[in-house]
Every structure is written in structure tokens, then in C-alpha cells.
Amino acid sequence: MEEYRPPKLIGKKAPLNCLVLPYQHHTAWKATQRYNMSFGEYVGALIDRAEGRPNKLDGMQQGALPIEKS
């Protein structure tokens, strides 16, 4: 296995260049619209979620506070 080499940063961020299937791209685009995020923010949140770290996606679908039943 090859040793990890840190990428050249652009500002404080690392570029990520990859290819996905067309349906995956469309799904990601719809999610970025729904969550009001950029593609980079969305991919970063998915990576953090997969690693069990706090991320921007968790908690975004909570909606309104529940109304107590009388």
C-alpha cells in the first residue's frame, strides 16, 4: 500500500477530484439544494458521518419542535 501524501492545499482546504455515476451526481446535487450546501461541504459531511464524527447533515432534518399533546 502506498504511503499517504498530504495534498497541496487551496487556502485551508484540500481539492478532491473523483468520478461518480450520473445518478450519484444527480442525487448529490439534489441533496446540496435541500441542505443549502456546496458539493464540497456535502461530501465532507458524508465523510465525517461515515467516520462517526459530528457533521453538518446530522440534526438538519429535525424540523419544528414537537407539540405536547393535551
- Note on the structure: Note: Leu57 and Arg49 closest approach over all heavy atoms is CB-NH2, 3.3 Å

- Query: OG1 of Thr32 to NZ of Lys30: how many Å apart, nearest 0.5 Å?
  - Reply: 11.0 Å

- Where Lys56 and Ala45 come nearest, the two heavy atoms and their spacing: N-CB, 4.2 Å

- Shortest non-hydrogen pair, Ala28 vs Phe39, comes out as CB-CE2, 3.9 Å

- Roughly how far, to the nearest 0.5 Å, is the CD atom of Glu41 from the CG atom of Asn36? 8.5 Å

- Task: Indicate yes or no for a side-chain donor-acceptor contact from Asn55 to the backbone of Arg53 under 3.5 Å, with no hydrogens or angles considered.
- Result: yes

- Measure the CD1-CG distance between Ile47 and Leu16 for me, rounded to the nearest 0.5 Å. 6.0 Å

- Message: Using the rule that Ile, Leu, Val, Met, Phe, Trp and Tyr join whenever any side-chain heavy atoms are under 4.5 Å apart, tell me whether Val43 and Tyr35 fall into a single cluster.
- Response: no

- Query: So, the side chain of Gln24 versus the backbone of Leu21: is there a donor-acceptor pair under 3.5 Å, distance only?
  - Reply: yes

